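Given the structure is predicted, the values throughout are model-derived calculations rather than measurements. Numbers here simply count residues along the sequence, with the first being 1.
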Amino acid sequence: MLSAEKNRVLTQVGPGTPMGDYLRRYWHPIGGASELDGNPIKPMRLLGEDLVLYKDLGGKYGLIDRNCPHRRADLSYGFVEETGIRCNYHGWLMDERGNVIEQPYDDTVNPRGKTRERCLAKAYPVKECAGLLFAYMGPQPAPELPVWEPFTWENGFREVVLSEIPCNWFQCQENSCDPVHFEWMHENWNTRLNGATAPYAAKHLKLVFEEFDYGYVYKRVREGQKEGDPVWTVGRVTLWPNGFYLGNHFEWRVPIDDENTLSVCWFFMRVPKGREPYVQDKVPTWVSPIKDASGRWISSHVINQDIIAWVGQGVIADRTKENLGASDLGIAMMRKRLFEELDAVAKGAEPKGTVRSSNVAKCIELPNITKKTSTEGITLAEFPDYPLLNARLKGFRHCFGQPQEVRKAFADAMGIAP
């Protein structure tokens, strides 16, 4: 268990808090680029700050204070120009760096005035990569945006899935270093949800956690499995500081504030051999509902099941009341490492996994047990030999609510019936 004070350190993310300042030193995915196709302005709350994400007519992305620096009008009701976003109240125009580049009335009556120079709006850099938008909210100079190797893969269908989760980011992220929950939450619970009482899934027999530059790798052995299996020899990745990587998809838990989390997931599915070259014109972004019409949490899909575990711990989990066991080794390691990181960064060290070299950042490989099928592909006839890939052909099992138009685009890419 943790003390109440240590729990506060892990969970408070606003400006000026130790964890909030630490997380601001990383690039975080904040949504999909295609979200802004219909409406180029989106209000957002990130790390306890109220902001506006936009794409101007010149194609540049911006993330600035939601309130205009003039008289604090709501910029989510503004409009974009060739450069920047304009307030609908008095027409002030700000660029992606927060510079006030027009003050229409002031510019008319006092063209030599310099008041705009002291009216800088809070602004953060935004970059697009693989259909995702990433923001950096920390001190300059910013580290390089890490381009994870799967972002460079070709001939695949990608999609971005978002959900807002009403609980603290850290109880979501701890899930990524907890392999035993797969046995119970996703396998045995599915058995019960489907009306059966047996058989239960193979038990976990052995766990190992190994730290590497960009997080932790967890490896496991289950009943009926040999230690030569890739889940033991290669493992899965807990991506530092708030991600999870499972071979052909990523999950991030981005703090909205202390009590809410933005779940950002990126999925890749290579088209079958014989359907190359495949070029995706636009990466779709969609929102996955987490409650049904009656207000109950949706339990039919993998990540929806995870969400039930996260929110079930309370808005902010009270870790003073826990009783950790042998299955929680990875969680204990993660917490310990975070406290070490906070101390090290306070003394001037670089945060774990940040990249300063553009040559390194342009393509970073991660441990991956499914790389061959994702990069070389398989024929459509071979899909039944790969149960997880074959399940994806039948339906989107990770998040509830995939829109019909996204399913159709996926089916068209794969060459299957919608």
K371/E376 under salt bridge (charged side-chain N to carboxylate O under 4.0 Å, His left out): CA gap, chis, key distance, verdict: CA-CA 8 Å; K371 181 174 180 178; E376 298 179 14; over 6 Å; no

Working for salt bridge (charged side-chain N to carboxylate O under 4.0 Å, His left out), residues K408 and E405: CA-CA 5 Å; K408 183 180 184 305; E405 63 271 19; over 6 Å; no

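In this structure, R253 pairs ionically with E251, as a charged nitrogen and a carboxylate oxygen lie closer than 4.0 Å. By the 4.0 Å N-to-carboxylate-O rule, K203 lies too far from E187 to be salt-bridged with it. In this structure, R72 pairs ionically with D65, as a charged nitrogen and a carboxylate oxygen lie closer than 4.0 Å. The residues E144 and R356 are annotated as not salt-bridged, no charged nitrogen and carboxylate oxygen being separated by less than 4.0 angstrom. Residues R86 and E102 are paired through a salt bridge, judged by an N-O separation under 4.0 Å between the basic side chain and the carboxylate. With respect to R335 and E174, a salt bridge is recorded, a charged nitrogen being found less than 4.0 Å from a carboxylate O. Residues E49 and R66 are not paired through a salt bridge, judged by the lack of any N-O separation under 4.0 Å between the basic side chain and the carboxylate.
Ring-centre distance between F396 and F267: below the 6.0 Å cut-off. Ring pair W240/Y214: centre-to-centre distance not below 6.0 Å. For an aromatic pair to be called close, the ring centres must be under 6.0 Å apart, and Y245 with F250 satisfies this.
A distance of 10.0 Å separates CG of L120 from CD1 of I64, quoted to the nearest 0.5 Å.
Side chains of N304 and H398: a donor-acceptor N/O pair is absent below 3.5 angstrom, by distance only. Side-chain contact check for E149 and N368: no donor-acceptor pair (N or O, by modelled atom type) lies under 3.5 Å. Side-chain contact of S294 with D292: a donor-acceptor pair under 3.5 Å is present, judged by distance alone. W286 and E159 share a donor-acceptor pair across their side chains, judged by distance under 3.5 Å alone. Checked by atom type, the side-chain pair E210/Y216 shows no donor-acceptor distance below 3.5 Å. Counting only N and O atoms by type, the side chains of Q103 and T115 include a donor and acceptor under 3.5 Å apart.
The side-chain heavy atoms of W266 and R158, taken from C-beta on, include a pair separated by under 4.5 Å.
With L51 as reference, L63 is the one residue of I30, L63, N67 to meet the side chain to side chain contact (heavy atoms under 4.5 Å, CB included) rule.
Applying the ring-ring contact (aromatic ring centres under 6.0 Å, His included) test to every pair with at least one member in residues 54-83, sequence neighbours left out, gives these pairs: H70-H90, H70-W92. Residues in residues 293-339 take part in these ring-ring contact (aromatic ring centres under 6.0 Å, His included) pairs, two or more places apart or across chains: H301-F400.
Enclosure of atom OH in Y89 is not indicated, since only 12 or fewer non-hydrogen atoms of other residues, nucleotides or ligands lie within 6.0 angstrom.
Between W27 and Y136, the ring-plane angle classifies as tilted under the 30° and 60° cut-offs.
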